[in-house]
Asker: 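Sharing a structure here in structure tokens format.
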Amino acid sequence: MTDTTPGTLPRIAWIGLGIMGSPMSENLIKAGYPVTGFTLEPDKLGRLADAGGTAAESVADAVRDADVIITMVPASPQVEAVAYGDDGILAHARPGALLIDMSSITPGTSVGLAKAAAEKGVRVLDAPVSGGEAGAVEAVLSIMVGGERADFDAALPIFETLGRTVVLCGPHGSGQTVKAANQLIVAVNIQACAEAVVFLEKSGVDLPAALDVLNGGLAGSTVLTRKKDNFLRRDFAPGFRIDLHHKDMGIVTDAARAVGAALPVGGLVAQLVASLRAQGDGGLDHSALLRSVERLSAHGEAAA
Ligand code: NAD
């Protein structure tokens with residue numbers, strides 16, 4: 001059990017307070033961790049302060065006194081900007097600090113970051129997550145970690161405050177490789193669910209009843225549980241943006257090509273995600289893959 005006596009928990013700097021970072025950092029605050037945060041939107045900094053955290057004025061200001069620095073930003077370029085910039089983490093973190101990058105980025109970027117940070121005496125873990133906004137709010141994320149065992153053990157109380165399934169997958173970059181596989185499975189699953197929805201509706205079947213019974217059998221999935229209402233209500237407020245899933249399909253197809261693994265269905269779904277984005281739906285939740293199936297089948301609102 002984590003000791004929650006004030007002053008005994010590591011001081012945390014949290015960079016990136018978006019859809020995921022805000023609820024995750026708030027769960028650490030609730031568990032008693034002192035959290036200082038920085039992000040680009042002033043209203044998100046206000047939310048952190050309201051939750052009991054401290055709003056910093058810059059990355060440098062946030063990380064200077066931190067024992068643990070957590071980044072949760074969109075993609076590799078933002079991780080590199082907050083890590084390597086003049087105002088960034090490596091220029092201002094204390095030697096001995098632990099940097100945990102929880103963003104979903106290319107495995108190669110994680111490996112490069114670990115190497116550069118080691119030269120400054122900063123330890124690094126890649127620790128991307130799965131479970132979506134609801135998983136972040138409910139602190140039930142799956143956390144897939146790459147790095148050294150000793151650093152993983154040191155970070156475990158923090159991970160267990162944020163998630164339920166926490167696994168060290170291997171050396172630096174391994175967490176990102178596993179996350180890439182996760183995004184492949186999720187995208188293909190959403191696409192299959194979306195195709196089933198259009199097929200069922202066009203067949204005149206009671207859709208809520210059909211999805212309930214499907215979810216109780218082998219076709220059931222966390223995707224169907226979490227996204228069922230999005231499909232039924234055509235509610236595509238994010239959640240997880242198509243723009244981010246497009247980024248992740250690029251990561252998994254590149255990583256698979258590098259090791260000579262063929263992803264025939266993944267490649268197809270990557271193209272469908274790219275097409276949805278090209279049609280202006282990049283800001284919608286990834287359950288909006290349904291809109292693309294509707295267009296292909298001349299069905300529903302998206303096809304009108
Ligand atoms: P988001 O766009 O909602 O939030 C990103 C945050 O990063 C923003 O608050 C932004 O201000 C901040 N940021 C960007 N550049 C910055 C900089 N230079 N300095 C400081 N802050 C900066 O994104 P999100 O949905 O929270 O996703 C974050 C990461 O988590 C992504 O890599 C995403 O792929 C991954 N992820 C998201 C979900 C989800 O359901 N949303 C689920 C699992 C993993």
Side-chain angles (χ1 to χ4, degrees), residues 19-20 23-24 104 128-144 163-165 178-249 252 263-304:
I19 288 176
M20 298 297 283
M24 291 169 74
S104 307
V129 306
S130 179
E133 184 182 14
V137 171
E138 294 161 21
V140 295
L141 294 166
S142 271
I143 307 178
M144 32 216 111
R164 189 155 53 193
T165 308
V178 176
K179 173 65 183 178
N182 183 86
Q183 295 307 85
L184 166 68
I185 295 168
V186 170
V188 170
N189 195 340
I190 293 177
Q191 178 65 21
C193 291
E195 292 183 14
V197 165
V198 171
F199 162 60
L200 290 164
E201 281 186 344
K202 288 198 109 168
S203 305
V205 169
D206 176 350
L207 187 63
L211 295 184
D212 276 346
V213 73
L214 287 171
N215 210 22
L218 195 55
S221 65
T222 307
V223 161
L224 192 48
T225 302
R226 294 277 198 202
K227 301 298 178 185
K228 189 178 70 167
D229 286 343
N230 300 76
F231 294 139
L232 291 174
R233 295 186 197 138
R234 267 53 174 183
D235 172 5
F236 302 124
F240 186 70
R241 289 182 284 118
I242 284 286
D243 283 337
L244 290 177
H245 218 139
H246 177 67
K247 173 252 312 178
D248 291 340
M249 295 312 281
V252 70
L263 308 178
V265 177
L268 175 61
V269 176
Q271 292 301 312
L272 291 166
V273 172
S275 155
L276 199 57
R277 189 166 181 263
Q279 291 177 73
D281 288 342
L284 300 183
D285 186 69
H286 52 174
S287 52
L289 273 167
L290 178 59
R291 287 170 63 78
S292 141
V293 182
E294 286 185 327
R295 290 185 190 115
L296 289 170
S297 300
H299 176 73
E301 224 177 79

Asker: Tell me every residue that passes salt bridge (Lys or Arg N to Asp or Glu O under 4.0 Å) with Glu195, counting only those two or more places apart in sequence or in another chain.
Answerer: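 Glu195 satisfies salt bridge (Lys or Arg N to Asp or Glu O under 4.0 Å) with no other residue.
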
Asker: Is there a donor-acceptor pair closer than 3.5 Å between any side-chain N or O of Thr225 and the backbone N or O of Ser221?
Answerer: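 Such a contact is found between Thr225 side chain and Ser221 backbone.
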
Asker: Once you round to the nearest 0.5 Å, how far does CE of Met249 lie from NE2 of His286?
Answerer: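 Taking CE in Met249 and NE2 in His286, the distance rounds to 12.0 Å.
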
Asker: Partners of Ala136 by side-chain contact (heavy atoms from CB on, under 4.5 Å), sequence neighbours excluded?
Answerer: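 side-chain contact (heavy atoms from CB on, under 4.5 Å) check on Ala136 returns Met20, Pro23, Met24, Leu141.
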
Asker: Could you tell me which non-hydrogen atom of Phe231 sits nearest to which non-hydrogen atom of Cys193, and how far apart they are?
Answerer: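 The answer is CE1-CB, 3.7 Å.
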
Asker: When rounded to the nearest 0.5 angstrom, what is the spacing between CD1 in Ile19 and CG in Leu244?
Answerer: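 So the gap between those two atoms works out to 8.0 Å.
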
Asker: If the condition is side-chain contact (heavy atoms from CB on, under 4.5 Å), which residues does Asp285 pass it with, not counting sequence neighbours?
Answerer: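 Expected list: Lys227, Asn230, Phe240, Ser287.
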
Asker: Hey, what do you get for CG (Leu184) to CG (Asp248), rounding to the nearest 0.5 Å?
Answerer: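 Those atoms lie 11.0 Å apart.
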
Asker: Does some side-chain heavy atom of Ser292 sit less than 4.5 Å from a side-chain heavy atom of Leu290?
Answerer: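 Answer no - side chains too far apart.
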
Asker: Grab the two heavy atoms, one from Arg241 and one from Gly282, that are nearest each other, plus how far apart they are.
Answerer: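 That would be CB-O, 3.8 Å.
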
Asker: Under the side chain to side chain donor-acceptor pair (under 3.5 Å) rule, collect the residues that match up with Ser130, sequence neighbours excluded.
Answerer: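 With neighbours one apart ignored, the set is Asn182.
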
Asker: According to salt bridge (Lys or Arg N to Asp or Glu O under 4.0 Å), does anything in residues 213-225 pair up with another residue at least two apart or in another chain? List the pairs.
Answerer: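 Found none.
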
Asker: Please name all residues satisfying side chain to side chain donor-acceptor pair (under 3.5 Å) with Ser142, sequence neighbours left out, ordered by chain then number.
Answerer: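 None.
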
Asker: So, applying side-chain contact (heavy atoms from CB on, under 4.5 Å) with Ser104, which one of Met144, Lys247, Gln183 is it?
Answerer: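 Per the side-chain contact (heavy atoms from CB on, under 4.5 Å) rule, the option paired with Ser104 is Lys247, out of Met144, Lys247, Gln183.
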
Asker: How would you list, by chain and number, every residue that makes a salt bridge (Lys or Arg N to Asp or Glu O under 4.0 Å) with Glu294, sequence neighbours excluded?
Answerer: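 Only Arg234 meet the salt bridge (Lys or Arg N to Asp or Glu O under 4.0 Å) criterion with Glu294.
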
Asker: Let me check something: any side-chain donor-acceptor pairs from residues 263-278 under 3.5 Å, sequence neighbours excluded? List them with distances.
Answerer:
unit_1 : atom_1 : unit_2 : atom_2 : d
Ser275 : OG     : Gln279 : NE2    : 3.0
Arg277 : NE     : Asp243 : OD1    : 2.7

Asker: Can you list the residues that meet the salt bridge (Lys or Arg N to Asp or Glu O under 4.0 Å) rule with Lys179, with sequence neighbours excluded?
Answerer: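 Partners of Lys179 by the salt bridge (Lys or Arg N to Asp or Glu O under 4.0 Å) criterion come out as none, since no residue qualifies.
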
Asker: Listed by chain and number, what are the salt bridge (Lys or Arg N to Asp or Glu O under 4.0 Å) partners of Lys228, not counting sequence neighbours?
Answerer: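 Result, salt bridge (Lys or Arg N to Asp or Glu O under 4.0 Å) vs Lys228: Asp212.
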
Asker: Is there a side-chain contact between Leu207 and Val197 in this structure, where contact means two heavy atoms from C-beta onward sitting under 4.5 Å apart?
Answerer: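 They are in contact (side-chain heavy atoms under 4.5 Å apart), so the answer is yes.
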
Asker: For Ala181, check side-chain contact (heavy atoms from CB on, under 4.5 Å) against everything at least two apart and list the hits.
Answerer: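 Ala181 satisfies side-chain contact (heavy atoms from CB on, under 4.5 Å) with no residue once adjacent residues are dropped.
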
Asker: Under the 3.5 angstrom rule, does the side chain of Asn189 hit a backbone N or O of Gln191 as a donor-acceptor pair?
Answerer: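 A pair under 3.5 Å: no.
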
Asker: Donor-acceptor pairs are to be reported for all side-chain atoms of residues 296-304 against protein atoms at under 3.5 Å, with residues two or more places apart or in another chain.
Answerer:
unit_1 : atom_1 : unit_2 : atom_2 : d
Ser297 : OG     : Val293 : O      : 3.3
His299 : NE2    : Glu201 : OE1    : 2.7

